[in-house]
Amino acid sequence: MHYTDQAVGLLVGLLDAVGATNITLTHWEIQITSPRIIQIPEYIQANRLDRKGGRSWGIEIGEGGTVNGMRIGKQASPRSFNLYKNGTTLERRNRQYIASRVVADGIATMQDKPKLARLELHIKSKEFNKLTYHDSFGELQPVTLQSLLDPSVRLAIFRQEVMSAFIFRKRIGKDRYATAQFFDWEAIERHYARLHGYSAGNHTTAARTPLKARSSDATYGAKQTIKMLSKDGQPGSYLIRGLQKHIERIVRETILANASIRCPTERLSQAGSKSTTNLNGDLEAICYPEGLTELSEELSISLPDIIAHTIAANYGISEYVAKKYRGVV
């Protein structure tokens, strides 16, 4: 978050030159450095706050009970945060440029350098490709390498991820919690906008919802249906027995009701003149081609409803399926 627009532009240009894209890159990192960021785990530890959410987290305690950092999410997770002190190691690791940039941004003074701490957001590529943002016109856009050239997009992504991860609270009554507020996002945005020369009123916001959310939901539903049919569609199961009964009924009713698939009298007579042993086979050969279209249409219309009602009856949810389907029973 502290690199200049020129530095970010050079990095994106380099990645473009080697053919890298947001699809081919495996790992993304957005970070901030500040002397005050270490106060977050210190406050959590001192007030014994609990985190709302399923991701694992922990605070690193050093000698004498000193808080050295914290982590939210496992390192192998799609998204994780790592917070640690780095001020005293920058010179040894020849990374004084980080401290210099933080001072130049007005976030710290020269005297604060030893107290600096770093908060890193790590995102795996698969998760990063789910990120979207609303531009200044309110249009939903995918996050790409090129969109990261916009500082407001970088801040919006970081803000979205931090707000969803740093939800720490303390119970103050039955079903009542007090949630800690660690970040003044309005002040952060004003400062960041001033540094990068854009309007803080752009209201760029990020989200984790994929652009094709409907397609994703449909795919999930299809997979669940396949699992259900694979499990319940074994030979002799309730589903196979129910389908057999309804298909036999449809075949019988369609043949008797639709004149276009009745066999001509003379052809029936020819078949009837043969032995009883071959009669069924000859009738099938005579009648089936003429009735194929009508029968297949009836089955294609009825089968989805039949399957839905048969499954619903077995699991006791007939009221639900009655609202969704036409009501073939």
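Scope of the values below: all heavy atoms of this structure, side chains included, with no hydrogens, waters or symmetry mates.
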Throw together a table of side-chain donor-acceptor distances under 3.5 angstrom for residues 66-78, partners on residues two or more places apart or in other chains.
unit_1, atom_1, unit_2, atom_2, d
T66, OG1, E63, O, 3.1
S77, OG, K74, N, 3.2
S77, OG, K74, O, 3.1

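Residue K170 holds its NZ atom at 13.0 Å from OG1 of T179, rounded to the nearest 0.5 Å. Going from atom CD1 of I306 over to atom CD1 of I311 covers 12.0 Å, rounded to the nearest 0.5 Å. Distance check: I37 CD1 to I107 CD1 gives 9.5 Å after rounding to the nearest 0.5 Å. Atoms OG1 and OH, on T89 and Y84 in that order, are 7.5 Å from each other to the nearest 0.5 Å. Note that CD of Q181 and CD1 of I167 are 9.5 Å apart. Values are rounded to the nearest 0.5 Å.
Counting heavy atoms of neighbouring residues, nucleotides and ligands inside a 6.0 Å radius, atom OH of Y177 exceeds 12 of them.
Contact of the Y97 side chain with the L90 side chain is not registered, since no non-hydrogen atoms from C-beta on lie closer than 4.5 Å. Annotation: side chain of N47 is not in contact with side chain of F168 (no heavy-atom distance under 4.5 Å). Side-chain atoms of L116 and R118, non-hydrogen and from C-beta on, never get closer than 4.5 Å to each other. Using a 4.5 Å heavy-atom cutoff, the side chains of I38 and K115 are not in contact. Between Y133 and I157 there is no side-chain heavy-atom pair separated by less than 4.5 Å.
Relative ring orientation between Y192 and H196 is described as tilted, the plane-to-plane angle lying within the 30° to 60° band.
Of all non-hydrogen atoms in K130 and K126, the two that sit nearest each other are CG-O, 3.7 Å. Nearest heavy-atom pair across L155 and E189 is CD2-CA, 3.8 Å. Across all non-hydrogen atoms, the minimal contact from F183 to V162 is CE1-CG1, 3.4 Å.
Ring to ring, F166 and F81 are close: their centroids are under 6.0 angstrom apart.
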Handout entry: side chain to side chain donor-acceptor pair (under 3.5 Å) between T109 and D112, worked out
Key = CA-CA 5 Å; T109 65; D112 289 328; 3.1 Å; yes

Practice task
Given salt bridge (Lys or Arg N to Asp or Glu O under 4.0 Å), test R159 with E186 step by step and report yes or no.
Solution key: CA-CA 11 Å; R159 176 176 181 172; E186 299 304 318; 3.8 Å; yes

Problem - Full working for side chain to side chain contact (heavy atoms under 4.5 Å, CB included) between E161 and L131 - result: CA-CA 10 Å; E161 297 301 318; L131 293 175; 3.6 Å; yes

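Following chains of ILVMFWY side-chain contacts shorter than 4.5 Å, one can reach I30 starting from I188, so the two form part of one hydrophobic cluster. I59 and L83 fall within a single hydrophobic cluster, where Ile, Leu, Val, Met, Phe, Trp and Tyr are joined by side-chain heavy atoms under 4.5 Å apart, directly or via other members.
Applying the ring pair (Phe, Tyr, Trp, His ring centres under 6.0 Å) test to residues at least two apart or on different chains, the pairs with a partner in residues 98-127 are H27-H122.
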